Each structure stands twice: as structure tokens, then as C-alpha cells.
Amino acid sequence: MSTPYPFTAIVGMADLRLALLLNAVSPAVGGVLVRGEKGTAKSTAVRALSALLPPVEVVPGCRFGCDPAEPDPACPDGPHSPDAGAESRPARMVELPVGASEDRLVGALDIERALAEGVKAFEPGLLADAHRGVLYVDEVNLLHDHLVDLLLDAAAMGASYVEREGVSVRHAARFLLVGTMNPEEGELRPQLLDRFGLTVEVAASRETEERVQVVRRRLAYDADPAGFAAAWQAEERELRERIAAARALLPSVSLGDGALRQIAATCAAFEVDGMRADIVMARTATALAAWAGRTDVTDADVRRAALLALPHRRRRNPFDAPGLDEDKLDETLERNRGEDDDPDPGPDGGGGPDGGGSPPRGDDGTPDTAPDIAPPREPADSAPQPEPAQAPQGGVGERAAVPAAEPFKARALTVPGLGEGAMGRRSRARTAHGRTTGARRPQGALTKLHLAATVHAAAPHQRARGRGGPGLVIRRDDLREAVREGREGNLVLFVVDASGSMAARQRMSAVKGAVLSLLLDAYQRRDKVGLITFRGATAELALPPTSSVEAGAARLDKLPTGGRTPLAAGLMKAHDVLRVERLRDASRRPLLVVVTDGRATGGPEPVRTAGRAARLLAAEGTASVVVDCESGPVRLGLAGELARELHGTAVTLDELRADSVAALVRDVRRAA
């Protein structure tokens with residue numbers, strides 16, 4: 001086993017270290033979501049936490065980590081005898097890979113033995129391993145939807161249920177959920193986002209000396225991990241002792257009515273959904289007081305708890321960046337200050353900015369003994385934010401960016417046929433979950449039994465097999481697995497005309513609103529998105545295919561317009577992008593959405609070249625939709641011709657609205 005990087009050797013990142021330590025003091029806080037750019041030691045910090053967690057007492061031989069003092073009565077390895085004894089082991093930190101299967105997460109039930117022998121043969125999964133420990137999910141925003149659903153269920157109920165055709169197993173699964181993610185690769189579903197008690201933003205330091213210290217320590221660790229860890233052994237021991245002391249003090253911490261009023265008022269003022277935020281804030285403020293060695297919760301604790309617990313619960317739509325208005329927070333806290341608030345900074349008489357008695361810090365800016373409460377800082381944005389429109393910088397006919405119109409619920413655009421890509425919510429596909437459409441012989445381990453087909457296959461052979469009892473005699477050759485159909489996520493590649501023919505302010509605003517609506521639809525359907533724009537003489541890949549629709553919205557907002565219309569260049573750029581993406585992920589089918597009025601004026605023989613490019617895309621089987629942006633009393637119908645060349649579908653901006661489609665269906669039904 002490799003030597004983990006010492007937690008106390010981590011430079012900077014005070015918010016991250018504090019959030020992790022608060023969860024170590026009070027697991028009821030509910031975990032941490034770490035958001036930040038790549039290469040900021042997010043995973044290093046999380047893995048370093050495991051060495052600080054107190055050991056746990058378990059029933060000897062129990063694969064599910066039952067507590068000897070209170071064993072789970074439904075434990076699959078139970079029931080446990082009261083005199084079974086106890087053994088101590090380190091608290092586990094279990095990592096959930098992004099590509100893990102459902103059976104790897106929840107455990108595998110041997111259906112063949114259950115049918116043939118009548119026994120429950122269950123192999124525990126990662127949820128069982130993580131019980132009473134930490135479940136760590138790196139790149140949690142890339143986790144498949146069905147695994148997210150399983151995590152949500154386990155986190156809500158504190159138990160994992162595995163059921164296969166009426167054969168079920170249940171076991172306890174209470175764990176601390178810690179996730180890391182890079183917002184550039186996409187955001188989390190709101191349901192999973194709310195399951196994380198705290199969130200922190202991390203970014204690489206811009207201070208030269210701090211960066212030097214990071215590199216120096218990392219090189220020393222890589223050269224001799226054991227020796228480096230030994231050099232920090234005293235600091236690690238002191239930090240473990242402080243965590244233990246804070247845990248012991250935690251039950252004695254008093255959350256006064258004044259602090260509770262501030263918590264409730266803050267959550268109401270920031271309009272967070274539900275009551276989980278209030279509970280998390282209360283638990284966090286209590287843990288902060290215990291960490292500082294106090295038995296009373298102060299205003300500073302409540303403020304710090306708000307900055308950790310509320311930013312990720314403030315999002316109203318996928319394009320909102322998490323964050324908190326600190327001036328509004330201060331006003332709310334001051335307005336709801338209670339009479340029982342204790343301004344005393346604590347028994348240690350510390351006068352740090354957090355009011356918690358921070359220990360002295362070393363020359364590199366890190367605590368000499370253990371991280372303490374750091375001054376609040378403004379959370380970083382989760383995605384590139386729109387910049388104010390600037391005056392055009394040169395470029396013939398170029399105009400400043402036009403704001404997008406209000407987005408709307410977009411009509412569902414799908415890829416024809418039946419795919420086999422990543423699970424999502426757009427196009428029909430063969431998936432592990434969904435409605436059962438047939439049966440087949442198992443391909444590998446049997447996980448989705450088709451009971452009727454299995455019985456049908458076994459029934460003709462019962463006399464030859466000497467059946468004498470009420471049950472069927474089942475052989476492996478009889479087993480059939482279910483073939484299921486669900487929905488997949490696609491690669492939605494937008495090709496947007498930003499030329500002068502589209503530059504009328506009102507029309508471009510409507511076009512941007514339509515594309516923004518389609519981006520929102522792509523977010524909800526778990527798609528990857530890419531954005532190509534064309535104007536002047538060339539086409540540009542404004543956003544390489546990504547799961548971050550927020551980045552797409554930001555690029556769209558800053559899109560300038562003007563110049564000629566190089567339609568062929570835009571289509572050929574789309575062809576090149578799709579060719580590369582097929583090599584990266586052949587199973588993810590693309591949907592090309594061309595937003596244009598159909599005019600082609602840029603490049604040599606613009607109309608003929610655009611037609612050849614469209615036919616090339618059609619020959620490769622690319623599913624296409626052309627959003628016709630032509631307006632005015634006289635219309636040329638060029639977008640419709642482009643759709644025919646692409647072997648795709650043409651829709652107008654009005655037809656793109658879901659309510660327009662619903663109204664059309666209603667009219668047709670009335671006429672019938």
C-alpha cells in the first residue's frame with residue numbers, strides 16, 4: 001500500500017482543509033463537494049484525510065462493517081451474537097470509479113444459485129465497503145445517471161437494497177460522501193448536488209512563494225514518500241488528537257436560539273430549496289465551535305457555515321454559477337442577531353479573524369500544527385462568465401455581441417434508430433435500464449434475469465431431468481437475460497451562423513435564445529455539446545465537445561456577428577469535429593443542429609461547395625436538424641434546401657418551441 005501524502009503538508013487551500021476536517025469532527029455534516037480546475041490537488045487532499053479518521057470497531061468477520069455495540073439486524077452476514085467480540089480497523093475510504101458497474105457499486109447477487117439452489121449468494125459492493133467510512137467519487141459530475149440514483153437512495157436511507165426478480169438483500173450503508181469535479185466538464189444534477197453538505201472552490205495559488213512551496217514538497221514526497229510522511233508525523237498526530245478532542249466536545253456545544261434564528265433567516269433570505277440547508281448549516285456551525293474549542297456557537301460560526309453550505313444550493317438554473325452575496329449575508333446576520341450570542345472568541349483567547357483562536361502560522365502561510373478557520377473568500381465561478389460586450393476590434397462588418405432572448409422549453413430533437421451509447425434522456429437505445437423488449441442468452445455474468453423466458457426455456461426438459469418436486473430444475477443453458485430499451489445521451493453539435501445576414505439585432509437575439517434553449521435541453525438530457533460558429537471567411541470551433549453546457553452558454557453570450565456567410569466552412573468544420581469524436585467514442589451518436597437562414601456567400605463557389613459539404617455529412621449518416629432563421633415577408637427557403645441536402649429535418653424558430661408543437665398536435669386532434 002502506497003504512503004498517502006500527509007494532510008498537514010498541504011499548502012494553502014484553507015477552505016478545502018477546513019471543510020474536510022469539519023466532516024471528520026462531525027460526519028453528520030454530510031460530506032464535501034470539491035470544485036476546481038485540474039491540477040489543484042483536490043484528490044490528494046481527500047485521500048490524505050483517511051489517515052486522520054479515528055478507527056472503527058467492527059464485528060469480526062462481518063463483510064458489512066457492523067458495529068459490535070449496535071449490529072445491523074438485517075445484516076446479510078448476521079445475525080451477530082452479542083458475544084461475537086470486536087476488532088478495531090482503520091476507517092475506510094472507498095473510491096468509486098466513474099466507469100463502475102451497478103453490481104460493483106451495490107453488490108452482485110448470484111441469480112443462478114438463487115434459482116437453482118434456493119440460496120442468497122451475495123458479494124458485497126463498494127457501498128458495503130464504505131459503511132462507517134468515506135465514499136470518494138473523483139469526477140463525480142461524470143458519473144452515470146443510474147449510479148447517481150443508487151447513491152441518492154443509499155445516502156437518503158442509510159441502506160443499500162439489491163433486488164433481482166424477487167430475490168433481495170439489504171444492508172446498512174452510512175458513509176461520508178466526498179466528491180471532486182472540474183466544472184469545465186459539466187455540472188451535477190441538483191438532486192445529487194444537494195446531498196453534499198458543504199462545497200468548496202479550489203484554484204491554484206497565484207502567489208509565487210506558495211507555488212514554490214507546493215512544488216518543493218511534492219518533489220520531496222515523490223523522491224521518498226515514507227521519509228516525507230515521517231517528517232510530518234508529529235503534525236499529523238497533533239491534528240488527529242485535535243479531531244478527537246473536537247469530537248468529544250461536540251455533544252456539549254450549545255446551538256442557541258439566536259444562532260438558530262440567524263441560520264433560518266439566512267436560508268430564507270437566499271431562497272434555498274427545502275430544509276436540508278438549515279440542518280447542514282446548524283451542524284456545520286456546531287462543528288466549527290467544537291473545532292475552535294468552544295461550547296457556544298457564535299455569529300462567526302454561522303457566517304462561515306453559510307459560506308460553506310449555501311453556495312451550491314443557490315443555483316436556479318444550470319447556467320447559474322454557485323456563489324453567495326456576502327454583503328447580503330452580513331446584512332441578514334446583523335438583522336437577525338440574537339440576544340444570546342456570545343462575542344467571546346473562545347477559551348483560548350485567540351484573536352484571529354475567525355474568532356476561533358487560530359494557531360500560529362509558518363513562513364509558508366500554512367498552520368504550524370493544524371489548519372484552522374480561514375477568513376472567508378469569494379467562491380470562484382464554476383464556468384467562464386459572460387464579459388460585458390465590447391466595441392468591435394477591427395473586422396469588416398463586425399458587430400458587438402447581442403444579448404440572448406429569454407430561453408424557452410425546446411422541442412425534443414432525437415437521433416433516428418436505436419443506439420447503444422451512454423445512458424441519457426434523448427434518443428432510443430439499448431441500455432441496462434428501461435423497459436424490457438425481449439430476452440437473450442446471457443453475455444457474461446447474469447444480472448438482469450428475464451424470468452418468463454427462463455421458465456419457458458427450462459419447461460420442456462423437466463421430465464428428462466427427473467423433476468420430482470414442485471420447483472423447476474434449472475440449468476445454466478436455460479437462463480435468459482432481459483433485453484431492455486431506454487434512452488441515450490448524444491453529442492449535440494451546434495453550427496451557428498454568425499454572419500452579417502443574421503446580424504439584425506432582434507433576429508440574432510432570438511437565435512441566441514433558441515440555441516440557449518437547446519443547450520438547456522441538452523443539459524437535462526445528459527448530452528455532450530459542442531459549438532461551431534461561422535462568419536467572415538472561416539469557421540471556428542468555439543467550444544470543443546464537452547459535458548459543460550455552462551461553457552457553451554458563456555461562449556454563445558459573447559458571440560459577435562458580421563461579415564460574409566461561409567456556410568461550407570461551418571459544415572466542413574462540423575465534419576472534422578465529428579470524425580475525431582467518433583474515434584474517441586464510437587457509441588455516442590451525434591446530432592448536428594445547424595442554425596442558419598441558409599444563405600452561402602463566403603468562399604469560392606459558396607453555394608455549390610456548401611451543397612457538397614452537406615452531402616458529405618449525409619453520406620456518413622449524420623442525423624441533422626436545420627433551424628431556419630429566415631425572416632421577412634419574402635423567404636427564399638434556402639434552409640429547407642440545406643436540410644434536404646443533409647437528409648435532415650428543417651424547423652423554424654417558432655416550431656422549435658415545445659408549446660408550439662403541443663398546440664399543433666391539439667389543433668390536429670380537434671380537426672379529426
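Here the structure is a predicted model, which means the values were calculated and not measured.
- For the side chain to side chain donor-acceptor pair (under 3.5 Å) test, residues two or more places apart in sequence or in another chain that qualify with Asp330 are Arg303.
- Among residues two or more places apart in sequence or in another chain, the side chain to side chain donor-acceptor pair (under 3.5 Å) test is passed with Asp222 by Arg218.
- Closest heavy-atom contact between Ala282 and Leu255: CB-CD2, 3.7 Å.
- Residues Leu33 and Met181 have side chains in contact (heavy-atom distance under 4.5 Å, counting atoms from C-beta outward).
- A salt bridge links Asp15 with Arg304; the closest basic N to acidic carboxylate O contact falls under 4.0 Å.
- Using modelled atom types, one finds a donor on one side chain and an acceptor on the other under 3.5 Å when comparing Ser43 with Tyr136.
- Between Phe64 and His171, the ring-plane angle classifies as tilted under the 30° and 60° cut-offs.
- Residues meeting the side chain to side chain donor-acceptor pair (under 3.5 Å) test with Ser205, sequence neighbours left out: Glu210.
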- [ ] Kindly indicate, with the supporting measurements, whether the criterion side chain to side chain contact (heavy atoms under 4.5 Å, CB included) is fulfilled by Val202 and Val34.
- [x] CA-CA 7 Å; Val202 296; Val34 188; 4.1 Å; yes

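- Residues passing the salt bridge (Lys or Arg N to Asp or Glu O under 4.0 Å) test with Lys528 are Glu581, sequence neighbours excluded.
- Summarising the geometry, atom CG belonging to Leu559 is positioned 7.0 Å from atom CG belonging to Leu531; distances are rounded to the nearest 0.5 Å.
- With sequence neighbours excluded, the residues that form a side chain to side chain contact (heavy atoms under 4.5 Å, CB included) with Ala234 are Arg237.
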TODO: Could you give me the CA-CA distance, side-chain angles and deciding distance for Arg337 and Glu334, then say whether salt bridge (Lys or Arg N to Asp or Glu O under 4.0 Å) is met?
DONE: CA-CA 5 Å; Arg337 178 186 290 275; Glu334 182 63 31; 3.3 Å; yes

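- Under the rule for a salt bridge (Lys or Arg N to Asp or Glu O under 4.0 Å), Glu406 has no partner lying at least two apart in sequence or in another chain.
- The OG1 atom of Thr286 sits 16.0 Å away from atom CH2 of Trp291, with the distance rounded to the nearest 0.5 Å.
- Under the salt bridge (Lys or Arg N to Asp or Glu O under 4.0 Å) criterion, Arg63 pairs with Asp77, not counting sequence neighbours.
- Considering only residues two or more places apart in sequence or on other chains, Asp585 meets the salt bridge (Lys or Arg N to Asp or Glu O under 4.0 Å) condition with Arg588.
- In this view, Pro90 satisfies the side chain to side chain contact (heavy atoms under 4.5 Å, CB included) rule with no residue, not counting sequence neighbours.
- Other residues, nucleotides and ligands contribute at most 12 non-hydrogen atoms within 6.0 Å of the CD atom of Glu207.
- Note that the OG1 atom of Thr8 and the CG atom of Leu52 stand 7.5 Å from one another [nearest 0.5 Å].
- Considering all non-hydrogen atoms of both residues, Thr3 and Ala229 come closest at CG2-CB, 3.6 Å.
- In this structure the side chain of Phe494 reaches within 4.5 angstrom of the side chain of Leu518, judged on heavy atoms.
- In this structure, Leu219 CG and Asp224 CG are separated by 13.0 Å, a value rounded to the nearest 0.5 Å.
- Evaluation of the side chain to side chain contact (heavy atoms under 4.5 Å, CB included) rule for Ser101 yields Asp103, Arg104 as partners, not counting sequence neighbours.
- One distance of note links CD1 of Ile243 with CG of Leu53; it measures 7.0 Å at 0.5 Å rounding.
- In this structure, the side chain to side chain donor-acceptor pair (under 3.5 Å) partners of Arg276, at least two apart in sequence or on a different chain, are Asp194.
- When the side chain to side chain contact (heavy atoms under 4.5 Å, CB included) test is applied to Ala231, no partner is found at least two apart in sequence or on another chain.
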